[in-house]
Amino acid sequence: MTQSVLSLDDLAAGVPDGALLALPPDNSLPPSALVRALVRRGVRGLRLLGVPVSGMVTDLLIGAGCVASVQSSAVSLGEAGTAPRFTAALAAGSIEMIDATCPAIHTMLQAAEKGVPFMPLRGVLGSDLLAHRPDWRVIDNPFDHDDPILLLPALSPDVAAFHAVLADAHGNVWVGRRRELATLAHAAKRTLVTVERIVADSLLDDERMAPGTIAATYIEAIAVVEHGAWPIALLDEYEADSAHIAEYARLARSDAGFRAYLDSHVFARSAAAAE
Amino acid sequence: MTQSVLSLDDLAAGVPDGALLALPPDNSLPPSALVRALVRRGVRGLRLLGVPVSGMVTDLLIGAGCVASVQSSAVSLGEAGTAPRFTAALAAGSIEMIDATCPAIHTMLQAAEKGVPFMPLRGVLGSDLLAHRPDWRVIDNPFDHDDPILLLPALSPDVAAFHAVLADAHGNVWVGRRRELATLAHAAKRTLVTVERIVADSLLDDERMAPGTIAATYIEAIAVVEHGAWPIALLDEYEADSAHIAEYARLARSDAGFRAYLDSHVFARSAAAAE
Amino acid sequence: MIAPEKRGIITPEERLACVLARLILDPAAPPARHIAVGAASPIPAAACWLVRTLGHDVRLSLLHKRTGNPFTEGSRELFDLAGQGRIDLFFLGGGQIDGAGNINLIGTGEWPGRTTRFPGSFGSAFMYTVVPRTILFREEHSRRVLVPRVDHVSAAGSPQALVTGRCVFRFASRFTLASLHPGESATSVRDNTGFAYESPPEVPTTPEPSEQELQLLRGPVRVEMLETYPGFCRRVWGEN
Amino acid sequence: MIAPEKRGIITPEERLACVLARLILDPAAPPARHIAVGAASPIPAAACWLVRTLGHDVRLSLLHKRTGNPFTEGSRELFDLAGQGRIDLFFLGGGQIDGAGNINLIGTGEWPGRTTRFPGSFGSAFMYTVVPRTILFREEHSRRVLVPRVDHVSAAGSPQALVTGRCVFRFASRFTLASLHPGESATSVRDNTGFAYESPPEVPTTPEPSEQELQLLRGPVRVEMLETYPGFCRRVWGEN
């Protein structure tokens, strides 16, 4: 295989400071362990992209001071409530927020996937989002009259990262029905993936596994991290650790609480060694 | 389930004369048995769409006088050579040919899938296809200077038809990695599917089957037809009957030979009863 | 099944689910054959399941259903479905909602919500205009939420109705008070609503759930909801 | 493995595969890290496998490989890949090819090929301009195929080269004769070529396959090709 199987830290080293880093939200295989490794490494100035919204790992990166800007359609901890470090950073003015709406982010990634400079999207025209997105453009539909329509520019993340269930020996990775990750990998310049495990047989040789597989073509490097999505759920592999997420939500309300969380669950030798 | 499980003939009755009927080519689950039932029914004036090219069932429909026009990027029997009835009908001027190029057809279907009036595509500009596609339009890329780009209109087939491996009791159908059929079903107004068999358990409950599944939302009706792709291959279920296809290619070179083929393999009581 | 001390007591959640179910089935509105429901919307989800268990042939797409999730094209499929015209009805909420039907999920104060930040617009800017019917739903009914003019418009549209913890508003270019939930009055609604709305001289009381509706909610609807909304089920219908 | 009567005889297909392999590896051209090969292209496919078995790290996407097909996004994925800039090299043929590098897959006579209809343009109108390197390949080298001006332009582009059963042309705004296959002469090529091209005073002979190349073609390449191109393998390399 041309993909490298790396240690988690070496995979994290592949995310340069200042990168436009695309991350899926908490229902779509976020790379939680990789993000903790990024925090340990002390990455700085990340420009995060929520695909199409953002969850706990985004809040963690913001709290740890790794983030310059967030482009997303929402930042939230889901059932656990608002994203406290995100909210605090916005109030402090320490990060830039670039608001979007879910289908617009999908569309911008699809334009990059197709290699076209833009793609249209219906709706959105009555929203104040438009006034804050100088990169979005309204044109008259050339196929009709009096029909303004939004054009969105292609968006190609520098790095996409997610936690897949498994990879095969050829570097193909399996994400089940979370096919937005395939679009993301197609659109991104580089894709880094953590997986629970590596299997020997080619995923592409199995008609039942192939449809949920992202071909190795799109994958730059892989690290094996068991429970790499924890505390987030991973398809039918394991459920969310709701108690832990609630604890995070509680601690992260204050700077001190967030520091304590980092010390216990990100920086502590035992936490790092587990990954 | 809201989908009906019909007999093959009742499914065929769902394709009205003159419909814009989208059909996949010979590597992508063509509904061969359904097409034979359409020929027996005597459907007329079909406007066929190749997704994105056309194979044996298109040639068969043309030869049987069912077709008014073909929009496709190529019509061919693959290894068995040129499509003889297509070629004869074009020489006779009895069908209209609307030439396209593969990614343009994918793009037009994706525009319909997204509910946008058009979608751009790179390339194509030097091709004579453009002069013969008044529905295609070149504009200046609004995001750049001196950058002409092709816009393709959304294309929503009246009916899409294909032969899937299986359906579940809820009407979800499984097509493996032939995901262009998902895009097609999303884009089409109505989708009719034949399947080898129906399984009891929901395909959507199985993370390994779900990614190759088209949800019942998009499926109007299903008929169970064993070997419904024959003589074409069906994924890992069965291989192509190359000898039969070669025989078709040979017989279909002449009007008389094609009639003989129809009599033996489409109209004969034994042939019809087998479906 | 239902904790004894709750038996017979109709919870606000049950009442709201029934209100939403009746709006879904409103014979004056275009039929809702396919409804999509977001993750943080257990009451709208309960309303949809109630409609289903009442015997209506409606397709439900629960966005965050973990097993049996109907989306196999990834998270863009909901929006593509809506773009295709295949979603008839969607529910939206808002940190702020104004009298023109605008919703604000961005925040208050200077853009992008320097005073109070809300989570963000999600798909609202698209869904509100593309889906034929939208029901606005927000339990909190206060001048903080229902404002004369939202600070920022996440999405603009024409809702079928706005359902709150106090009342039902119908919408036709502006809101009209349609019914008051038990315990509310024209005055209590007026006092807690920041935007102007029509108020007929006689405002009916929101009908209570029927015995059949309650039985369905507490039986088959609860069973369907358990996997996706365990916390909600526990809170409304008790343990086990 | 190889039928005794064929041992030692280099077939035209083997020669052409080696010619294409050398063009793929041309150090003057941008590197070919990912090559896509169409269904009806066994010789280009053999060339690609030869490059692979020679030890070069090149990714191959065989469009109609039945098992292990790398495309899991359906048949549009090839074109999206090309649009992303991830395909470095593609092969195209043509019912007609002209001296400007245009190819015609539509047909001859009045549009859309009323005299002789070809199958259609496939993805050529896109791939030829979007993929950085295109090698044109057509075994038949005749005035019927190589024409002054194609009747219809399926696709226009700048090929790296045109390889036929008689010779290799390189391209830079027009074709230049680069090498003659064994048995051909400047005259035989001139007589059978309908378009004008540059011809240097001395045209080298196309080098024969090396012993290593032949062994790889007849061994591991043949094994890789068997599933997708059984008829071709039988014809070129005999039974079993």
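The figures here come from the full heavy-atom set of this structure, side chains too, leaving out hydrogens, waters and symmetry mates. These numbers come from a predicted model, not from an experiment.
Taken to the nearest 0.5 Å, the OG1 atom of D/Thr72 stands 8.0 Å off from the CZ atom of B/Arg179. The distance from atom CZ of D/Phe126 to atom CG of B/Leu129, rounded to the nearest 0.5 Å, is 13.5 Å.
For the pair B/Ser127/D/His152, no side-chain contact is recorded, criterion being any heavy-atom separation below 4.5 Å from C-beta on.
Residues of residues 96-113 of chain B lying within less than 4.5 angstrom of chain D, judged on heavy atoms, are B/Met97, B/Asp99, B/Ala100, B/Thr101, B/Cys102, B/Pro103, B/His106, B/Gln110 in numerical order.
Proximity to chain D (any heavy atom under 4.5 Å) is shown, for B/Ser54, by neither the backbone nor the side chain. Neither the backbone nor the side chain of B/Leu125 comes within contact range of chain D; no heavy atom of the residue lies under 4.5 Å from a heavy atom of that chain. Contacts between D/Thr115 and chain B at a heavy-atom distance below 4.5 Å are absent for every atom of the residue. When heavy atoms are compared at a cutoff of 4.5 Å, B/Thr82 does not approach chain D at all. The contact between D/Ile106 and chain B is made entirely by side chain atoms (from C-beta outward), counting heavy-atom distances below 4.5 Å. For chain D, the nearby parts of B/Val124 are the backbone and the side chain; heavy atoms of each come within less than 4.5 Å. For chain B, the nearby part of D/Ser154 is the backbone; its heavy atoms alone come within less than 4.5 Å.
Among B/Gly126, B/Ala182, B/Gly176, the residue with the largest count of heavy-atom pairs under 4.5 Å with chain D is B/Gly126. Of the listed residues (D/Gly120, D/Gly157, D/Gly231), the greatest number of heavy-atom pairs within a distance under 4.5 Å of chain B belongs to D/Gly120.
Residue-environment remark: CZ (D/Arg143) exceeds the threshold of 12 foreign heavy atoms within 6.0 Å.
Nearest heavy-atom pair, D/Gly74 versus B/Glu180, reported as atom, atom and distance to 0.1 Å: CA-OE1, 2.9 Å. In terms of heavy atoms, D/Arg114 sits closest to B/Leu90 at NE-O, 3.2 Å.
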Are D/Trp111 and B/Asp128 close enough, and set up right, to give a side-chain contact (heavy atoms from CB on, under 4.5 Å), and what steps lead you there?
-> CA-CA 10 Å; D/Trp111 183 277; B/Asp128 286 348; 4.0 Å; yes
